[in-house]
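Since the structure comes first, as structure tokens, the remarks are kept for the end.
So that the names make sense, note that chain A is the first sequence line, chain B the second, and so on, each numbered from 1.
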Number of protein chains: 2
Amino acid sequence: MNPVLVNVMRGGAVESTHCGAVAVLDAEGALVASLGDIDRPIFPRSAVKVLQALPLVASGAADRLGLSDTELALACASHNGEGVHAQTAAAMLAKAGLDAGALECGAHWPYLETAARALAAQGLAPTALNNNCSGKHAGFLCLACALHGGVDLRRYVKGYVTPEHPVMREVTAALQATTGYDLASAPRGTDGCSIPTYAVPLRHLARAFARIGSGVGLSDGHARAAKRLRAAVAKAPFMVAGTDRFDTRVMERLGERVFCKVGAEGVFCAALPERGLGVAIKIDDGNNARACEVVMAAVIEAFVALDDEQATLMRSLSDVRLSNWNGIEVGRLTAAPVLRMLGQ
Amino acid sequence: MNPVLVNVMRGGAVESTHCGAVAVLDAEGALVASLGDIDRPIFPRSAVKVLQALPLVASGAADRLGLSDTELALACASHNGEGVHAQTAAAMLAKAGLDAGALECGAHWPYLETAARALAAQGLAPTALNNNCSGKHAGFLCLACALHGGVDLRRYVKGYVTPEHPVMREVTAALQATTGYDLASAPRGTDGCSIPTYAVPLRHLARAFARIGSGVGLSDGHARAAKRLRAAVAKAPFMVAGTDRFDTRVMERLGERVFCKVGAEGVFCAALPERGLGVAIKIDDGNNARACEVVMAAVIEAFVALDDEQATLMRSLSDVRLSNWNGIEVGRLTAAPVLRMLGQ
């Protein structure tokens, strides 16, 4: 069993707990810290979007189409589906000569409830552009511009979400190269946005993110692409998530010192470039907002030197006040003591 | 550590798991089945609303004010905040000579997203009537009519959510009497709607629900009140939850054969009157929709004789198809094998 990483407190008593595992490695694969089982393959879901976006840059497609930092950041995003996110995805598709009709991610209401209600108030329904993955998919479709080899692009991209499509093969190859894990024999599932997701151990994911932060162990093309994508996200952190989201708030404050990316089902990965480290977290029960974020905040506190303002932000994310509908403090979400001893 | 009760599957692999504990007892306290630690006190939250509603009926207030089945069901509810829920809460308050201004539960957007978006589309914001606890609070205010002893009612009810207020003392006494657990020394927290919540072991909660189903072990007043409340909920199961909700769907199909009530943080209690049993469940990580509901469905399958239609419904709730934004089946939520062996 994995250890308790987060305690949910009410009135001084533990009400609920979240268990999970954490891996912190360098780019060579040296283990710096770990909690729980880091060798069981887990589905990384959207936490690896930056790995999946490497071919977009490495192929030359991003440069050829003139993708901006904002657009490259969106290619790595699980965004809130706010207006600016949807518009940016549409702009990327336009640069590829495509439109929202080419997206195969499906539609869902914006994650940000105020954005969902604003759409509803206008009598509108969400489109695939509001899907949290629309930027990643727009990136896949831009990548297709470098791969279609003269075939009519609209025809070429049909079914791009399937494992056998050349676009997805390129994306999977990047995942394979950066994690160094044999994806051909890994458990495979279908992600929320219909692309394949391959189960990879936290150990390999953490090493991959150390590589993303340092370039060590990557091909030259992937190393340059990783640097470009990290810089883009640091310049446009709103694009990678949005209003009130952990990734946006942390990277707005910490810039290139942290590259972090949440995934569904309690997965969280990060690169800590100054320390040459990568981090990968999985919460056993799949809880995101109140579990893997608290753990990531505590890991950042343990491994990144923070100024006072940064330290205040990170502590507010690793030891969170819980209030009720009347604004009364009823409890706290707190990183377990075992996390406070990491990095010491 | 408590055992895994629910597996979240993706593409044939276990993606996430939910651990927890289950207690099944009769009204005398005999243990019929259990999994995990059922003696650790846990906050039952809204799962015990029927226990908290006993004084409303037992005091004679419900009869005096002429509360309908629909209104009594709402007094036991964690409802969706749909129009009919808000209107019914308002009607209860009117019978007490009060209005929404007396509610101290706070306001939140309706749980049902379509109801929230419908409010937003009309340019409206939610009120305390939309709070999932508005019926319980309206019930407390109706109970106050039997307690205020001539004091101006509006003045009398101020602060009714605090542990020391006569209304809340009456409610807590009912909880104490039915669970047989010493609440004076139990951990106490503040609930989402600002009333106190007392930590009680699953063993005591399950026995209390066996008593609610059978009347055995209750005072005559509580036994009559329990019977009346169960009948009311069976006649108006939409009021106790609402559109697409587990409690509503199950009781619409099973009537008085099951009385079940979910609470926040992965708590679920039920009375199974035909078997004379009570059930109490706590998911360690606090997950509701996809964990404690799956467990409750499996427990009902194990202990209640079901016709084909009922069996089909319950199996669809204990072995749930998970589909993505494109409607593709990506996995399943399934009750763990250990639950399938209960009751055998």
Side-chain angles (χ1 to χ4, degrees), chain A residues 1 4 6 8-19 41-43 45 104-109 113-114 116-123 128 131 133 161 186-194 196-197 199 264-266 282-287 290-291 324-331, chain B residues 1 4 6 8-19 41-43 45 104-109 113-114 116-123 128 131 133 161 186-194 196-197 199 264-266 282-287 290-291 324-331:
Chain A
M1 300 294 273
V4 170
V6 177
V8 185
M9 311 294 296
R10 181 171 298 267
V14 174
E15 179 164 33
S16 299
T17 53
H18 296 283
C19 297
I42 59 105
F43 289 118
R45 311 290 302 275
E104 297 183 1
C105 51
H108 65 74
W109 286 91
E113 270 310 319
T114 52
R117 294 194 190 110
L119 271 188
Q122 296 170 68
N131 185 310
C133 296
V161 295
R188 188 176 86 193
T190 303
D191 214 320
C193 66
S194 296
T197 178
E265 291 292 332
K282 164 73 181 177
I283 303 298
D284 293 346
D285 61 72
N287 187 293
R290 76 178 195 179
N324 73 2
W325 304 117
N326 284 320
I328 300 168
E329 177 167 328
V330 293
Chain B
M1 298 294 271
V4 170
V6 177
V8 184
M9 311 293 297
R10 181 171 297 267
V14 174
E15 178 163 33
S16 300
T17 53
H18 297 283
C19 297
I42 60 105
F43 290 117
R45 310 292 301 274
E104 297 184 359
C105 52
H108 65 75
W109 285 91
E113 269 311 318
T114 52
R117 294 195 191 109
L119 271 188
Q122 296 171 67
N131 185 309
C133 296
V161 294
R188 189 176 85 193
T190 302
D191 213 321
C193 65
S194 296
T197 179
E265 292 291 331
K282 164 74 182 177
I283 303 298
D284 293 347
D285 62 71
N287 187 292
R290 76 177 195 178
N324 73 3
W325 305 117
N326 284 319
I328 300 167
E329 177 168 327
V330 294

Looking only at heavy atoms and a cut-off of under 4.5 Å, which of [options] has the most pairs with chain B?
options	result
A:Met9, A:Met1, A:Arg45	A:Arg45
A:Arg10, A:Glu113, A:Lys282, A:Glu329	A:Arg10
A:Val14, A:Asp191, A:Leu119, A:Ile283	A:Asp191
A:Ser194, A:Gly189, A:Pro187, A:Ala13	A:Ser194

Q | Interface moiety of A:Cys105 toward chain B, non-hydrogen atoms closer than 4.5 Å | A |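 Contact with chain B: backbone only.
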
Q) What part of A:Ile42 lies closer than 4.5 angstrom to a heavy atom of chain B: side chain, backbone, both or neither? A) neither

Q: Say whether, by atom type as modelled, one donor and one acceptor occur between the side chain of B:Asn324 and the main chain of A:Thr190 under 3.5 angstrom.
A: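 Flag not set: sc B:Asn324 to bb A:Thr190 has no pair under 3.5 Å.
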
Q) Side chain of B:Arg188, backbone of A:Gly11: donor and acceptor closer than 3.5 Å? A)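 Judged by distance alone, no pair lies under 3.5 Å.
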
Q: Pick one of side chain, backbone, both or neither for B:Ala199, based on which atoms fall under 4.5 Å of a heavy atom in chain A.
A: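 The answer is neither part of B:Ala199.
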
Q: Hey, could you give me the CH2/NE2 distance between B:Trp325 and A:His108, rounded to the nearest 0.5 Å?
A: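 With rounding to 0.5 Å, CH2 (B:Trp325) is 5.0 Å from NE2 (A:His108).
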
(Q) Just to verify, what does B:Asp284 make a side chain to side chain donor-acceptor pair (under 3.5 Å) with, not counting sequence neighbours? (A) B:Asn2

Q: Just jot down the side chain to side chain donor-acceptor pair (under 3.5 Å) partners of B:Arg290, sequence neighbours excluded, or say none.
A: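 Applying side chain to side chain donor-acceptor pair (under 3.5 Å) to B:Arg290 gives A:Glu265, B:His18.
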
(Q) For the residue pair B:Thr17 / A:Asp285, report whether a side-chain donor-acceptor contact shorter than 3.5 Å exists. (A) no

